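The chain is numbered in sequence order, starting from 1. Please read these numbers as outputs of a predicted model, since none were measured by experiment. Below, each value reflects all heavy atoms present in this structure, side chains not excepted, and no hydrogens, waters or symmetry copies.
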Amino acid sequence: MNFKIKFKLDRRGLKNQDGTFDENVVCPIKVNLHSIGSNRNYDFKIKDVILKDGSLIKFQANTKDFQSIWLNRLKKNSFGDVTGETTVYGQKMTIRTLLKTKEDILNEIISKQGVTDYKQVKRLFYDYKKENVFVNDVYSGFNKKIKDLVEGESSKTAASYESTLNNIKRYNSFTVLNFNEITIEWLKKYDRFRRKSVAPATVGVDMRNLRTIFKAAIKINPSLEKNYPFGVGKYQIPEGDSKNAALTKAQLLQIQDFNSQNHYLQMGRDYFIFSYYANGMNLKDIAKLKKGQTHWVRSKTEFTSKSEKRLDIDFNDEMLEIVSRHKGKGKMLFDILEDGDDSRTITKKVDNKISAISKQIKKIAKILALPEQLSFQWARHSYATNVYRSGVNLKAISETLGHSSLKTTENYLNSLKDENKKAIDDAKRL
């Protein structure tokens, strides 16, 4: 290999009179190419990237952000061994993920035979187009998925895959891991190892992420199908305890009848009740509603379901009253988002709003002596549970929730198993 590469901040011309740099100044992130033969360094820019949502990513950062994005991203134990990566979110995660992709491209280029000239490296880097070929490397599969999620503005899901990737790397002592090594026995051993420190539900997250990566690899290399280790008679992913968190109608009426002069408490109450009457609509979908809208598609499944599930929204008087208190500007029904907000802004605003609402719902729970675990998500579970208790069939409930599988709906109703068991026990008692 004739070159070494790294990324650096280009701070030329930004030095203060005393010789220091202003760490808050945003600078371009450039490629630094070191020629081993001539012992010379060459810098060149990284071209801007346009994500799938149309947003433009410029490779730039201030000194502190560049340290968290790249220079100090690796976690190490007391022995100096790398144990994973630090977690960053939003724009920082986008830039880190794209830099890792650029690093892979550069390493591939400089490892080629006959690449000996700086200009040649630069040209190949700018003209690079990767074919959709199968790479028998689990880590590469994860990195591709993370990159796609980041470009699709699914930063939370990307963070989940990043966490799984780091967990698997640690378990595998950071050695190469190929898809044909992911056997039923490997999965069972990993499962046992992880359960020493985390709950089964957390292990389940890792396993579902790994299963997704494996399925993506099969699409490119169908021969992997015969070694697919997940499913009936193979490795079963742990579900964990997914007991339903639901309120009774009497408890829901307590919240509906609750009124407060405190704007924030009233806000928490309003969005909870609106979600319940909107068939358990989550806050992101509530925030994205527009005036006059009567149908909607779940954001969670908008880009993952094979067919679009259009759900109805019927406004009752209670919902209309809530809308009047939180009326949005422009086309927006509520005052959470604004016309023209991009996906990154939407995610940030919704996260901030759900955080604020969650705090108020906890306070309402305390005031009304409701379960202290009460959260915004309980509105969705409460809707599903109460309509099921009223005799509505499971398929109809599943459709109104926007679920793609009846099993998902059944998981919402797990607490009813305990109720039915108690009723059976009481009935058979002599």
> OH of Tyr89: more than 12 outside heavy atoms within 6.0 angstrom?
Replying inline: no
>> Show, in sequence, the C-alpha distance, side-chain angles and deciding distance for Thr164 and Ile213, and conclude whether the side chain to side chain contact (heavy atoms under 4.5 Å, CB included) test is met.
In response: CA-CA 11 Å; Thr164 298; Ile213 300 302; over 6 Å; no
> Is the distance between the ring centroids of Phe315 and Tyr277 less than 6.0 Å?
Replying inline: no
> How about Tyr190 and Asp206: do any of their side-chain heavy atoms sit closer than 4.5 Å?
Replying inline: yes
> Are any of the side-chain nitrogens in Asp148 or Lys144 under 4.0 Å away from the carboxylate oxygens of its partner?
Replying inline: yes
>> How about NZ on Lys291, more than 12 heavy atoms from neighbouring residues, nucleotides or ligands closer than 6.0 Å, or not?
In response: yes
>> Looking at Met281, is its backbone amide N or carbonyl O close enough to the side chain of Asp285 to form a donor-acceptor pair, meaning the two atoms are under 3.5 Å apart?
In response: no
> Are Tyr118 and Phe3 close enough that their ring centres sit under 6.0 Å apart?
Replying inline: no
>> Applying the salt bridge (Lys or Arg N to Asp or Glu O under 4.0 Å) criterion to Asp191, which one of Lys188, Arg195, Lys189 satisfies it?
In response: Arg195
>> Tell me the closest heavy-atom pair linking Ala61 and Ile69, and the distance in Å.
In response: CB-CD1, 4.3 Å
> Is Ser358 reaching over with its side chain to a backbone N or O of Ser375, donor-acceptor style, under 3.5 angstrom?
Replying inline: no
>> Parallel, tilted or perpendicular: which one describes the rings of Phe274 and Phe334, with boundaries at 30° and 60°?
In response: perpendicular
>> Check whether Gln360 reaches the backbone of Ile357 with its side chain - one donor and one acceptor, N or O, closer than 3.5 Å.
In response: no
> Does Asn107 offer a backbone N or O that forms a donor-acceptor pair with the side chain of Ser111 under 3.5 Å?
Replying inline: yes
> Do Glu162 and Lys100 sit within salt-bridge range, that is, some charged N less than 4.0 Å from a carboxylate O?
Replying inline: yes
>> How long is the straight-line distance from CG of Leu265 back to CD of Gln261, given to the nearest 0.5 Å?
In response: 11.0 Å
> Can you name the nearest heavy-atom pair linking Leu337 to Ala287, along with the distance?
Replying inline: CD1-O, 3.5 Å
> Hey, does the side chain of Asn172 reach the backbone of Ile168 with a donor-acceptor pair shorter than 3.5 angstrom?
Replying inline: no
> Could you give the distance from CZ (Phe66) to CG (Asn72), rounded to the nearest 0.5 Å?
Replying inline: 10.0 Å
>> Under a 4.0 Å threshold between the charged nitrogen and the carboxylate oxygen, would Arg96 count as salt-bridged to Glu85?
In response: yes
>> Can you see whether Ser160 engages Asn209 through a side-chain donor-acceptor pair at a distance of less than 3.5 angstrom?
In response: yes
> If you look at every heavy atom in Ile336 and Leu283, which pair is closest and at what distance?
Replying inline: CD1-CD1, 4.2 Å
>> Can a donor-acceptor pair be found, under 3.5 Å and without considering hydrogens, that links the side chain of Thr400 to the backbone of Ile397?
In response: yes
>> I want to know whether Trp186 and Tyr171 have ring centres closer than 6.0 Å.
In response: yes
>> Between Asp342 and Thr345, do the side chains contain a donor N or O and an acceptor N or O under 3.5 Å apart?
In response: yes
Report all side-chain donor-acceptor pairs from residues 28-38 shorter than 3.5 Å, counting only partners two or more places apart or in another chain.
unit_1: Lys30; atom_1: NZ; unit_2: Asp10; atom_2: OD2; d: 2.9
unit_1: Asn32; atom_1: ND2; unit_2: Asp43; atom_2: OD1; d: 2.7
unit_1: His34; atom_1: ND1; unit_2: Asn41; atom_2: OD1; d: 3.0
unit_1: His34; atom_1: NE2; unit_2: Asn39; atom_2: OD1; d: 3.4
unit_1: Ser35; atom_1: OG; unit_2: Ser38; atom_2: N; d: 3.4
unit_1: Ser35; atom_1: OG; unit_2: Ser38; atom_2: OG; d: 3.0

>> Return the CE to OG distance between Met267 and Ser260, rounded to the nearest 0.5 Å.
In response: 11.5 Å
> What are the two closest heavy atoms between Pro371 and Ala365, and how far apart are they?
Replying inline: O-CB, 3.6 Å
> Is any side-chain N of the basic residue among Lys329 and Asp339 closer than 4.0 Å to the acidic one's carboxylate O?
Replying inline: no
>> Listing request: all salt bridge (Lys or Arg N to Asp or Glu O under 4.0 Å) pairs with a residue in residues 354-365, at least two apart in sequence or in separate chains.
In response: none
>> Which label fits Phe214 and Phe230: parallel for a plane angle under 30°, tilted from 30 to 60°, or perpendicular past 60°?
In response: perpendicular
>> For a quick test of reading the model, state the closest non-hydrogen atom pair linking Leu401 to Ala384 and the distance between them.
In response: CD1-CB, 4.0 Å
>> With a 6.0 Å cut-off (strictly less than), is the heavy-atom count around NZ of Lys234, excluding the residue itself, greater than 12?
In response: yes
> For Glu185, which residues count as a salt bridge (Lys or Arg N to Asp or Glu O under 4.0 Å) partner, sequence neighbours excluded?
Replying inline: Arg192
>> If I take atom CZ from residue Phe258 and atom CD1 from residue Ile367, how far apart are they, to the nearest 0.5 angstrom?
In response: 4.5 Å
>> Would you say Gln266 and Asp270 are linked by a side-chain donor-acceptor pair, where the criterion is simply a distance under 3.5 Å?
In response: yes
> Is the closest side-chain heavy-atom distance between Lys145 and Leu165 below 4.5 Å?
Replying inline: no
>> Does Lys169 qualify as a cation-pi partner of Tyr139, given the criterion of NZ or CZ under 6.0 Å from the six-membered ring centre and within 45 degrees of its axis?
In response: yes
>> Just verifying a value: how many Å separate Lys284 NZ and Lys349 NZ, rounded to the nearest 0.5 Å?
In response: 13.5 Å
>> Show the nearest heavy-atom pair for residues Asp335 and Lys327, with the distance to one decimal.
In response: CB-O, 3.6 Å
> Between Gln256 and Tyr276, does a side chain to side chain donor-acceptor pair (under 3.5 Å) hold up when you go through it step by step?
Replying inline: CA-CA 10 Å; Gln256 179 169 286; Tyr276 176 78; over 6 Å; no
>> I'd like to know if the side chain of Thr183 pairs up with that of Tyr235 as donor and acceptor (distance under 3.5 Å, no hydrogens or angles considered).
In response: no
> Is any NZ, NE, NH1 or NH2 atom of the basic residue among Lys288 and Glu338 found under 4.0 Å from an Asp or Glu carboxylate oxygen of the other?
Replying inline: no
> Counting distance only, does the side-chain N/O of Ser275 pair as donor-acceptor with the main-chain N or O of Tyr271 below 3.5 Å?
Replying inline: no
> Just how far is it from atom CG of Asn282 to atom CZ of Arg380, taken to the nearest 0.5 Å?
Replying inline: 7.0 Å
